[in-house]
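Whatever order the structure lists ligands and atoms in, that order sets their numbers, starting from 1. When reading the values below, keep in mind they use all heavy atoms of this one structure, side chains included, and skip hydrogens, waters and symmetry mates.
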Amino acid sequence: MESTNQKILLENSDITLYIKREDLLHPYISGNKFRKLKYNIVQARKEGKTKLVTFGGAFSNHILAAAAAGAEYGFQTVGIIRGEELRDKILENPTLRQAQDFGMEFVFVSREAYKTKTESYFLDSLKDMLGDFYLLPEGGTNDLAVKGCEEILTESDADFDFICSAVGTGGTLSGLINCSKSSQQVLGFPALKGDFLREDICSFVSKTNWDLQTEYHFGGYGKVTEELVAFINTFYQSYGVPLDPIYTGKMVFGVIDLIDKGWFPSQSKILMIHTGGLQGIAGMNQMLRQKKQTEITVHV
Ligand SMILES: *Cc1c(COP(=O)(O)O)cnc(C)c1O
């Protein structure tokens with residue numbers, strides 16, 4: 001499946017900028033989560049599994065995508081959710097409520113227990129509780145997810161000099177690197193602090209035509225500033241492209257900032273990947289409302 005590249009017209013610049021609208025691939029199995037689930041679903045079917053189990057936080061794009069994919073492709077789904085206090089708040093939480101509407105069941109675990117989720121004793125206890133299942137890792141990143149993300153770029157994208165994407169676990173960036181041309185530079189914009197990502201990405205790729213821009217996390221994962229919210233709202237007014245506050249808003253902010261600072265060579269052709277995640281706006285707006293801060297005013 002292919003998504004369209006939309007031109008972002010920059011004034012007073014000789015840079016060519018496009019955004020690949022992966023957010024339009026599917027209303028719930030959004031953007032890169034669609035790519036990351038595709039071959040895992042194929043594999044789960046091949047193994048004869050009927051249940052998908054995965055992990056996530058309260059506003060996780062991956063949780064909702066897994067729930068929607070389960071409903072669409074005929075799997076039961078179970079989400080292991082970080083935070084026991086959320087058990088009584090499903091209906092107040094736009095992500096969990098929607099996931100539940102898709103038939104997902106939840107197991108709420110404490111933050112301490114959540115940290116042990118990749119330990120064999122934790123996984124064994126899940127087997128006792130849930131029976132046989134296909135495990136999707138947190139954020140959905142594994143070899144099959146990277147393989148799916150290798151289908152984001154197509155032959156017609158070969159003309160771009162730079163490919164830019166938001167980074168969480170690095171699975172999506174790894175797929176982009178693997179399917180890039182060696183003449184292209186792949187730039188990742190981590191949505192969280194920390195340098196462990198480079199190693200993780202290196203375990204999925206063998207090419208070296210990539211780098212991370214680590215200055216655009218806006219305080220860390222799930223954090224936003226008023227400047228970021230204002231940017232997202234202005235970008236939507238100017239170009240009609242909605243951005244999410246957790247990933248794509250930060251990446252696009254970073255790309256435009258680097259263009260303004262003259263970081264990209266003259267006449268560069270840049271392709272930004274819109275990895276989706278727009279379902280997260282509702283949850284973020286709930287929080288901004290509580291803090292009496294300006295909300296995100298894009299319509300999706
Ligand atoms: C999950 C997600 C990412 C991060 O993808 P990784 O493969 O974990 O790096 C980026 N953008 C959006 C919108 C996401 O939902």
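Remark: aromatic rings of Phe106 and Phe108 are close, center separation under 6.0 Å. Not less than 6.0 angstrom separates the ring centroid of Phe75 from the ring centroid of Tyr134.
Close N/O approach between Gly168 and ligand 1 is found [any backbone or side-chain N/O within under 3.5 Å]. Considering backbone and side-chain atoms alike, Thr248 places every N or O at 3.5 Å or more from each N or O of ligand 1. Distances between N or O atoms of Thr275 and those of ligand 1 include at least one value under 3.5 Å.
The protein non-hydrogen atom at the shortest distance from atom 1 (C) of ligand 1 is Lys33 NZ, 1.6 Å. Atom 8 (O) of ligand 1 has Thr169 OG1, 2.6 Å as its closest protein atom, hydrogens excluded (heavy atom only).
For the residue pair Asp161 and Ser268, no side-chain donor N or O sits within less than 3.5 Å of a side-chain acceptor on the partner. No side-chain N or O of Tyr39 forms a donor-acceptor pair with one of Glu150 less than 3.5 Å apart. Using a 3.5 Å distance cut-off with no hydrogens or angles, the side chains of Ser110 and Glu84 do not pair a donor with an acceptor. Counted by atom type alone, Ser30 and Asn61 present zero donor-acceptor pairs between their side chains at under 3.5 Å. For the residue pair Gln290 and Gln286, no side-chain donor N or O sits within less than 3.5 Å of a side-chain acceptor on the partner.
Every atom of ligand 1 with a heavy atom of Lys36 under 4.0 Å away is listed here by number and element: 5 (O), 6 (P), 7 (O), 8 (O). For ligand 1, the atoms lying closer than 4.0 Å to a non-hydrogen atom of Gly276 are 13 (C). Counting the atoms of ligand 1 from 1 in the order shown, those under 4.0 Å from a heavy atom of Val167 are 9 (O). Listed by atom number, the atoms of ligand 1 under 4.0 Å from Gly277 heavy atoms are 13 (C).
The proximity of Asn61 to ligand 1, defined as any non-hydrogen pair under 4.0 Å, is limited to the side chain. Of the heavy atoms in Asn32, only side-chain atoms (C-beta onward) come closer than 4.0 Å to ligand 1.
For His62, the heavy-atom gap to ligand 1 stays at 4.0 angstrom or more.
Tyr114 carries Arg82 over the face of its six-membered ring, with the cationic atom under 6.0 Å from the centre and within 45° of the normal.
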